[in-house]
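What follows is a single structure, written as structure tokens, with notes after it.
A note on names: the letters A, B, ... follow the listed sequences, proteins ahead of strands, and every chain is numbered from 1.
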Amino acid sequence: MHKKMAFSFPDEVLEHVFSFIQSDKDRNSVSLVCKSWYEIERWCRRKVFVGNCYAVSPRMVIKRFPEFRSIELKGKPHFADFNLVPDGWGGYVFPWIVEMAGAVPWLEEIKLKRMVVTDESLELIAKSFKNFKVLILSSCEGFSTDGLAAIAASCKNLKELDLRDCEVDDLSGHWLSHFPDTYTSLVALNISCLGSDEVSLSALERLVGRCTSLKTLRLNRAVPLDKVANILRRAPQLVEFGTGTYAAELRPDVYSDFAGAFSSCKELKSLSGFWDVVPDYLPAIYPVCSKLTSLNLSYATIQSPELIKLVSHCPNLQRLLVLDYIEDSGLEALASSCKDLQELRVFPSDPFGVEPNVSLTEQGLVAVSSGCPKLQSVLYFCRRMSNEALVTVAKNCPNFTRFRLCIIEPRTADYLTLEPLDVGFGAIVQYCKDLQRLSLSGLLTDRVFEYIGTYAKKLEMLSVAFAGDSDLGLHHVLSGCESLRKLEIRDCPFGDKALLANAAKLETMRSLWMSSCAVSFGACKLLAQKMPRLNVEVIDERGPPDSRPESCSVDKLYIYRTVAGSRFDMPPFVWTMEDDPSLQLS
Amino acid sequence: MELRLGLALPTPNIIKGFDLDNHKPKETGGLGAWNKPSKRSFEQAFGNFKEECKAKTLLLWSGQPNEEEDHKDQTKTTFSTIDENDAEEVDQVMGWPPIKTWRKKIFRQQHRVGRTEYNRVADEENGGSVYVKVKMEGVAITRKIDIRLYHSYQTLTNSLITIFTKDRKCADDDHTRYTLTYQDKEGDWLIAGDIPWQSFIKNVQRLEIVKKWG
């Protein structure tokens with residue numbers, strides 16, 4: 001075939017054009033245009049995103065994109081956050097680091113989510129990448145402060161070290177001292193997850209003092225309030241700050257020291273931390289509130305009146321995370337003060353209590369939906385809901401992109417009519433045409449899934465629990481939701497029929513999780529046979545699935561598409577289906 | 001693949017997959033084969049399973065394995081024995097509500113520090129809601145109602161009849177008689193209607209609708 005093209009730009013020009021295209025989706029589209037575009041694109045892709053670390057092997061990634069500088073990897077399924085994935089399941093980053101250490105020496109950024117990161121991995125990173133700049137570990141585990149010490153000691157160009165929501169073995173607070181005295185390039189440091197033991201305060205103060213470009217600093221709970229003033233005074237340029245414990249003796253000198261340091265930070269836009277809040281210390285932050293766009297009070301056990309006072313000082317707030325102590329009255333205040341609000345997350349203060357301990361109901365959500373026209377993203381824990389409220393919210397907020405509602409008691413009906421909440425959620429998917437993420441709760445029948453399959457055409461992620469009546473529910477979702485990438489289901493009566501009928505759909509998705517449902521082992525085997533590019537993994541701690549009849553339900557099922565075949569690191573309680581009935585036990 | 005439309009199968013607490021006839025934990029080659037060190041003790045999980053198996057034999061059900069019906073008597077499915085970290089929440093459903101582990105730790109700490117418990121009396125004075133669980137014999141779903149919405153036994157029972165008519169299996173119809181019972185603050189189960197309404201709403205912890213005997 002002739003290579004005669006209408007437009008024959010030199011590669012460099014195309015490469016330059018491509019450099020303006022950052023999003024993965026667009027880059028992927030670019031690479032599909034023709035072979036030469038594929039080639040040019042793959043050599044100049046600098047950021048690689050791998051949504052499921054088992055979907056592809058490190059070697060494949062490196063082979064296709066030899067020159068990447070940044071990699072983002074995600075490991076465990078989302079439900080691992082709620083203890084549904086047993087320890088040892090997988091998600092190890094080490095094999096990736098090993099491959100990249102040899103082949104991608106100029107790697108600058110590593111972002112990991114829900115992966116197991118060992119000290120060995122961290123040490124290898126520290127040793128292998130001379131220009132390493134950014135390490136973001138989100139919900140990761142498996143490492144200790146020793147690994148952090150290695151990073152601190154060797155990564156001379158480190159700009160960002162962010163350990164959000166990680167589980168770290170806190171062996172010694174002295175890892176901070178491993179940053180050499182000559183090191184000054186830190187821009188962001190998030191150690192909020194570190195345990196209750198020592199972070200060497202003096203090392204921290206010195207570090208903060210010499211890193212004049214520091215913009216983000218999130219401390220851990222162990223840093224006492226009276227020490228925060230010293231730190232803040234050394235970093236008046238901070239834009240994002242997370243306090244440690246927000247409790248101290250009520251002494252005027254301590255207070256004025258602290259308040260004074262705070263008011264010297266003129267650039268602050270985001271605050272977090274606030275463990276153990278002593279309410280009398282709250283006014284110290286009032287001076288900076290008018291500029292705040294993001295406030296995370298989700299650890300603050302302050303009551304509604306104080307919360308109301310606080311939010312009414314923050315007219316520019318765009319993002320608020322808070323406990324349900326805010327109550328309906330606080331949310332009403334929020335709705336009238338914070339017209340720029342885009343994201344709201346309300347967490348339960350007493351999730352395991354049988355009776356409600358605060359007056360937070362669907363009314364609060366309705367109030368915010370009505371008063372905040374830019375609201376796009378909601379995570380709301382409450383104890384009662386009505387279809388009427390959900391319909392109102394849907395009509396008020398057609399721009400929702402993320403709506404996650406958790407009614408604490410499973411299968412709770414509409415408290416007014418005692419009917420299922422199908423109609424309410426149906427309204428959400430019908431009115432919010434750009435909805436990308438949805439979490440359901442309450443009493444729900446197959447009908448809600450019919451609505452979802454009909455209307456939720458842009459939905460990418462759906463979380464379902466204790467809902468539905470039959471396979472029809474699952475069938476509606478799999479056959480109707482065109483943009484669906486991730487589906488996670490627990491405790492629903494969904495079984496073999498819908499899964500097998502929609503087998504092909506699973507290859508268009510990143511993953512499907514089903515636990516405590518009604519999928520039989522036989523169906524898993526059949527699915528795996530039919531769909532060689534899916535990994536069908538059965539997680540069952542009761543013993544080998546073939547020691548029970550094939551019609552027996554599996555405990556947990558995780559299905560994901562992959563071009564890398566079966567993984568090699570499965571623990572004893574994870575089984576995949578091979579062509580013959582004998583299962584691998586390793 | 002044909003999918004049957006319409007019939008809503010009442011399968012709330014579905015299939016934990018325990019098939020008693022075939023769940024004989026393999027003593028040989030069982031635990032031995034799974035010696036891989038894993039942080040959260042696979043043996044422990046398997047050990048718990050054996051315990052559960054023993055408990056389950058008391059709830060014998062005669063159906064074929066995996067039939068998708070009549071699980072309403074298999075009521076004790078809300079448990080969480082596997083996760084040793086959540087030892088305090090044995091009565092909770094595993095992984096529910098969906099809150100990240102580290103957040104849960106903070107709640108536990110806060111509660112231990114002696115935060116005031118939900119104060120029933122104070123809430124009543126402020127006109128707050130008082131939620132009470134209502135269970136009907138033969139129905140798997142436990143409902144919750146706000147007792148403050150009612151002002152007499154009559155309104156309460158009328159409402160409960162409406163609620164549960166939908167849940168009852170059609171077999172048991174109007175010929176079956178039911179009695180409303182409640183659990184009081186002392187933990188005793190009594191027949192509702194004996195004490196004045198105002199005292200009742202202050203005392204009631206839970207409600208249960210049971211079939212009349214005789």
Using side chain to side chain contact (heavy atoms under 4.5 Å, CB included), reason through A/Ser516 and B/Met94 one step at a time and then give a plain yes or no. CA-CA 11 Å; A/Ser516 304; B/Met94 170 73 129; over 6 Å; no

Chi angles and distances behind the side chain to side chain contact (heavy atoms under 4.5 Å, CB included) call for A/Phe381, B/Ile99: CA-CA 10 Å; A/Phe381 283 82; B/Ile99 302 171; 3.9 Å; yes

Passes side chain to side chain contact (heavy atoms under 4.5 Å, CB included), B/Lys100 versus A/Asn83? Steps please. CA-CA 8 Å; B/Lys100 293 186 184 173; A/Asn83 281 349; over 6 Å; no

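Within a 6.0 Å sphere centred on CZ of A/Arg114, heavy atoms belonging to other residues, nucleotides or ligands number more than 12.
Of the atoms belonging to A/Leu84, it is side-chain heavy atoms, and not backbone ones, that fall under 4.5 Å from chain B. Neither the backbone nor the side chain of A/Arg404 has a heavy atom closer than 4.5 Å to any heavy atom of chain B.
By the side-chain contact (heavy atoms from CB on, under 4.5 Å) test, B/Gln198 is found to be paired with B/Ile201, residues two or more places apart in sequence or in another chain being considered.
Using a 4.5 Å heavy-atom cutoff, the side chains of B/Pro97 and A/Phe352 are in contact.
Put simply, the residue from A/Phe79, A/Phe82, A/Phe466 that forms a ring pair (Phe, Tyr, Trp, His ring centres under 6.0 Å) with B/Trp96 is A/Phe466.
In terms of modelled atom types and a separation under 3.5 Å, the side chain of A/Arg490 and the main chain of B/Gly95 share a donor-acceptor contact.
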